[in-house]
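All remarks here apply to the structure that follows.
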Amino acid sequence: MTTYWHQHPETVDRLAAEYALGTLAAPARRRMEALMTQRRDIAQAVGSWHERLGGVLAAQPPLPVDPGAWHRLESRLFGEPRKATQTSAWWSRWLSQVVRRAAPRTTAPPRGAWRSQGWGRSVIPAGTLAIGLLLGSVLGPLWEALRSTTQLPESYVGVLANADGKPGLIVSSLRKGLTVDLKQLSPVEVPEGKTLYLWTIDKDGQVHAVAAIPGGAFVSAPLSQPAEEAFFPAVELAVSIETAGAAPPQPTGPFVYRGLCGKLWKLPAN
Amino acid sequence: MLARVGMGDRAAFKALYGLTAGVLLATAARVLQDRHAAEDVVQEVFAHLWHKASEAATPSAKTLAWLCVVTRNRAVDHLRKRPAEVSIHGQADDGEEIVHDAASEQPGVFEQLSFEQDQQRLQRCLGQLDPEPRQAVLLAYVEGLTHVELAGRMRRPLGTIKAWTRRSLMALKLCMGSLA
């Protein structure tokens with residue numbers, strides 16, 4: 001009875017190794033490729049070798065990438081480079097589900113509690129409590145989901161409450177990104193000639209300007225500095241309504257959204 | 001992240017590009033010895049990934065290593081479509097294949113690698129191979145050299161090169177299995 005090399009597991013493994021290494025001669029390489037489409041065990045043997053050896057490639061020092069390369073790829077795949085609006089950030093669909101799941105469990109503060117105190121720049125205990133409850137209910141599942149099932153890119157994320165203590169605005173930026181993505185869950189009315197404006201609040205309660213937020217339920221805004229510099233000192237994020245085109249050093253009115261600023265990455269192990 | 005790319009998430013795609021493009025470019029450039037051609041290969045890999053990520057990801061795959069393998073294979077395909085450049089090879093009187101080629105002036109491939117924590121096992125097992133056989137395996141994998149090209153580069157008989165790679169691969173498999 002005739003037997004072929006591919007009926008011998010040891011020979012299959014040896015040739016799979018040589019195939020993965022790239023040292024098989026061209027005719028043998030073509031025969032392997034044909035067999036891999038028909039024989040799952042042969043394809044798996046090659047895959048196992050690539051899994052063993054792939055770390056060698058990943059251990060090479062990276063080369064600097066031409067900054068225009070991403071834009072060329074983006075144009076090739078999506079047409080024109082993406083504008084600073086209508087983003088489809090990674091967190092959007094996923095986090096909106098988290099928020100929908102979490103929102104019914106939110107213990108909202110008495111309606112108007114923050115509004116009655118102006119919801120201004122000073123720290124307001126009732127507001128802080130409500131934000132804490134809101135963030136606990138929303139970011140809790142978020143952290144759990146991140147920890148257990150995903151490896152999301154390092155990001156800053158805030159789920160800001162509106163004046164009624166309900167989820168109002170999701171803010172996100174990649175840790176080293178140059179844009180901030182925003183999704184309004186509870187839109188606020190912005191008068192003609194005005195715009196929403198994003199601020200950070202540091203541990204000392206100092207407020208710092210970040211960027212004007214374009215109109216729309218789901219938008220992206222450029223940052224004037226890397227996200228790491230803009231958001232790292234932030235304990236909270238807040239949004240006020242300001243004159244369009246202005247660059248106010250401090251908010252000129254009460255905050256319409258406010259919430260904690262989360263840093264979504266692992267700390268290095270000690 | 002690859003799973004999110006598979007769902008059409010552009011932001012995840014961009015993040016993946018930012019995290020991996022430099023290493024993929026190094027992978028392709030090492031094989032092709034041509035930065036422009038390497039950039040083309042990396043673009044092809046990402047374009048293919050965008051369209052096929054949902055089919056490509058497997059639960060056990062380590063994304064960066066897997067992308068490197070895809071890039072390396074594509075670069076090798078490009079390399080082998082090119083006309084031969086400098087190697088001149090023939091047979092000696094005893095039938096042994098001989099090649100005239102320039103020996104690499106570069107330090108060993110192994111010494112240039114920087115292994116992450118999760119690749120310590122691979123690093124340790126590679127470290128247990130003798131230096132020349134290890135260099136042969138790494139040159140084949142990282143630069144896409146064939147046995148004949150390795151013989152020329154390392155100035156060793158073809159039979160020796162074939163024996164080195166075969167034994168080294170089996171030693172690696174044994175070592176990585178025993179440390180698993």
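Letters A, B, ... are given to chains in the order of the sequence lines, protein chains preceding strands, and every chain is numbered from 1.
Comparing B:Gly144, B:Ala21, B:Ala47, B:Ala38 by how many heavy-atom pairs each has under 4.5 Å with chain A, the most go to B:Ala47.
At a 4.5 Å heavy-atom cutoff, the contact between A:Leu77 and chain B is made by side-chain atoms alone. Proximity to chain A is limited to the side chain of B:Ala29, based on heavy atoms less than 4.5 angstrom apart. No part of B:Leu67 comes within reach of chain A, as not one of its non-hydrogen atoms sits under 4.5 angstrom from that chain. When heavy atoms are compared at a cutoff of 4.5 Å, B:Gln43 approaches chain A by way of both its backbone and its side chain. Proximity to chain A is limited to the side chain of B:Leu126, based on heavy atoms less than 4.5 angstrom apart. Both the backbone and the side chain of B:Val137 come within contact range of chain A, judged by heavy atoms closer than 4.5 Å. Of the atoms belonging to A:Arg52, heavy atoms from both backbone and side chain fall under 4.5 Å from chain B. Proximity to chain A involves both the backbone and the side chain of B:Tyr141, based on heavy atoms less than 4.5 angstrom apart. Heavy-atom distances place the side chain of B:Leu172, and not its backbone, under 4.5 Å from chain A.
For B:Asp34 (side chain) and B:Ala37 (main-chain N/O), a donor-acceptor pair under 3.5 Å exists by modelled atom type. At least one donor-acceptor pair under 3.5 Å links the side chain of A:Gln60 to the backbone N or O of A:Leu57.
A 4.5 Å side-chain heavy-atom check between A:Val210 and A:Trp199 finds every atom pair outside the cut-off. Contact annotation: the side chain of B:Lys173 approaches that of A:Trp49 to within less than 4.5 Å [non-hydrogen atoms, C-beta and beyond].
Checked against the 6.0 Å centroid criterion, the rings of A:Trp70 and B:Phe13 qualify as a close aromatic pair.
Both the sub-6.0 Å distance and the 45° axial angle are satisfied by A:Lys263 relative to the ring of A:Phe232.
B:Glu149 and B:Thr146 share a side-chain donor-acceptor pair at under 3.5 Å.
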